[in-house]
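Hydrogens, waters and symmetry mates play no part in the numbers below; they use all other heavy atoms, side chains included.
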Amino acid sequence: MRYFRQFSHNVTLLGGGAVNPATLSHCLQLAPELVAADGGADQALELGHVPVVVAGDMDSVSEHARKTIGADRFVETPDQNRTDFHKTLDLIDAPVVLGVGFMGKRLDHELACYNTLVGLPEKRVILVGEVDICFHLSRPLEMTLPVGTRFSLFPMAKVNVRGTGLVWPLDDLEMSPWGMIGTSNETNAPAVTVEADGAGLLVILPRAHLTDAIAALTPS
């Protein structure tokens, strides 16, 4: 893959879904480079931000956004076999990407984003919503969280899961979308570990623990 841009800092990726201005501002404090996926370009301008790059098939971008942002910042990817979220992630090389505007609003778009998280396990991406954050467990996870923190796991494929520090134990537990899932678990110790034997497990946490998730996913 030839990247259009390599970032040394974390990146905030803005989509065209539901966005709270305070959420976007918080993410930009943690991930200061702003990239937009298609119609996210217009959202960025409406909220007072100019993305460094816009990618996607450009079927939702206004002429105003094109002129304001500048043609040299647009990377058009017209194929229809991938979503704009997927296309943009394919072109981003960054330590961690915070996806804003991909949770809420249209459910089919949101589900497609979860599918993309699983399909691109090499990417370190955290979707940020108003209530929760979600990321794919691509490698063994170690986090320090307050006891009693909601810690949900949702399998998008059949995986065997091990974990410590949770009320309902994970001891080589087989999980799948049609079988055992792991919603509404919670921590019973400050240190939490989780690992799976393959791709497909999503981790869902309260948004208050976004910085903890970033720290856990950031390459050492």
Side-chain angles (χ1 to χ4, degrees), residues 1 3 7-13 27 30-31 82-83 85-86 88-90 92-100 102-103 110-129 131-220:
M1 172 61 66
Y3 296 98
F7 296 92
S8 58
H9 299 293
N10 294 338
V11 166
T12 295
L13 174 56
C27 286
L30 303 171
R82 297 171 297 158
T83 64
F85 178 60
H86 191 151
T88 308
L89 287 178
D90 273 343
I92 290 177
D93 181 15
V96 176
V97 176
L98 304 184
V100 185
F102 299 99
M103 300 174 76
E110 184 173 352
L111 289 171
C113 291
Y114 300 139
N115 176 266
T116 297
L117 293 184
V118 174
L120 296 175
E122 71 278 11
K123 303 290 185 177
R124 295 172 294 274
V125 184
I126 305 172
L127 294 183
V128 183
V131 176
D132 287 335
I133 61 174
C134 178
F135 58 90
H136 178 244
L137 186 74
S138 299
R139 57 190 57 82
L141 178 72
E142 297 182 7
M143 295 188 72
T144 300
L145 296 166
V147 173
T149 299
R150 175 168 52 85
F151 195 104
S152 292
L153 300 170
F154 194 91
M156 299 284 284
K158 185 169 74 171
V159 289
N160 288 318
V161 184
R162 291 182 176 273
T164 61
L166 298 170
V167 172
W168 289 277
L170 303 172
D171 187 12
D172 201 25
L173 180 66
E174 183 180 284
M175 304 178 76
S176 70
W178 55 87
M180 179 68 69
I181 61 175
T183 57
S184 298
N185 208 337
E186 63 180 57
T187 61
N188 63 0
V192 179
T193 66
V194 181
E195 61 180 301
D197 67 349
L201 189 64
L202 299 179
V203 179
I204 303 167
L205 295 170
R207 203 189 89 183
H209 299 293
L210 175 58
T211 55
D212 298 312
I214 293 172
L217 296 187
T218 300
S220 55

Would you find a donor on one side and an acceptor on the other, under 3.5 Å apart, between the side chain of Asn160 and the backbone of Asp197? no
Please report the closest heavy-atom contact between Thr149 and Pro206, naming both atoms and the distance. CG2-CD, 4.2 Å
Could you state the interatomic distance from CG (Leu205) to CG (Asp212), rounded to the nearest 0.5 Å? 8.5 Å
Can you find a pair of side-chain heavy atoms, one from Pro219 and one from Arg124, that are under 4.5 Å apart? yes
With rounding to the nearest 0.5 angstrom, report the CG to CZ distance, Leu89 to Arg82. 10.5 Å
Indicate the atoms forming the closest heavy-atom contact of Cys27 with Leu210, along with that distance. SG-CD2, 4.3 Å
Nearest 0.5 Å please: distance from the CG atom of Leu98 over to the CD1 atom of Ile126. 5.5 Å
Taking side chain as C-beta onward, heavy atoms only, is Glu174 less than 4.5 Å from Met180? no
Do Trp178 and Lys158 have side-chain heavy atoms sitting under 4.5 Å apart? yes
Would you say that Phe135 contacts Leu202 through its side chain, given a criterion of any heavy-atom pair below 4.5 Å between the two side chains? no
In plain terms, say whether Asp132 and Arg150 are close enough for a salt bridge, that is, a side-chain N and a carboxylate O under 4.0 Å apart. yes
Pick one: which of Leu153, Leu201, Leu137 meets side chain to side chain contact (heavy atoms under 4.5 Å, CB included) with Val159? Leu201
Specify the closest pair of heavy atoms between Val192 and Leu166, including all atoms of both residues, with the distance to one decimal. CG1-CD2, 4.1 Å
How long is the span from the CZ atom in Arg207 to the CD1 atom in Ile133, to the nearest 0.5 Å? 9.5 Å
What is the minimum heavy-atom distance between Cys134 and Ile204, and which atoms define it? SG-CG1, 4.1 Å
Would you say that Phe102 contacts Thr83 through its side chain, given a criterion of any heavy-atom pair below 4.5 Å between the two side chains? no
Strictly distance-based, threshold 3.5 Å: is any side-chain N or O of Lys123 a donor or acceptor partner for the main-chain N or O of Ile92? yes
Is there a side chain to side chain contact (heavy atoms under 4.5 Å, CB included) between Phe7 and Val96? Walk through the geometry before answering. CA-CA 10 Å; Phe7 296 92; Val96 176; over 6 Å; no
So, does Thr187 use its side chain to make a donor-acceptor pair with the main chain of Gly165 at under 3.5 Å? no
Do the non-hydrogen side-chain atoms of Arg162 and Asp171 ever get within less than 4.5 Å of each other? yes
CD (Glu122) and OG (Ser138) are apart, to the nearest 0.5 Å, by 8.0 Å
Closest contact, heavy atoms only, Pro155 versus Pro177: O-CG, 3.3 Å
Are Thr164 and Thr193 linked by a side-chain donor-acceptor pair shorter than 3.5 Å? yes
For residues Val161 and Glu195, determine if any side-chain heavy atom of one lies less than 4.5 Å from a side-chain heavy atom of the other. no
Nearest 0.5 angstrom please: Leu30 CG to Asn10 CG, how far? 8.0 Å
Go through the steps to decide whether Val125 and Leu13 satisfy the test side chain to side chain contact (heavy atoms under 4.5 Å, CB included), and finish with yes or no. CA-CA 9 Å; Val125 184; Leu13 174 56; over 6 Å; no
Would you sort out whether Phe151 and Leu145 count as a side chain to side chain contact (heavy atoms under 4.5 Å, CB included), showing the intermediate values? CA-CA 10 Å; Phe151 195 104; Leu145 296 166; 3.8 Å; yes
Give the minimum heavy-atom separation between Gly200 and His136, together with the two atoms involved. N-NE2, 2.9 Å
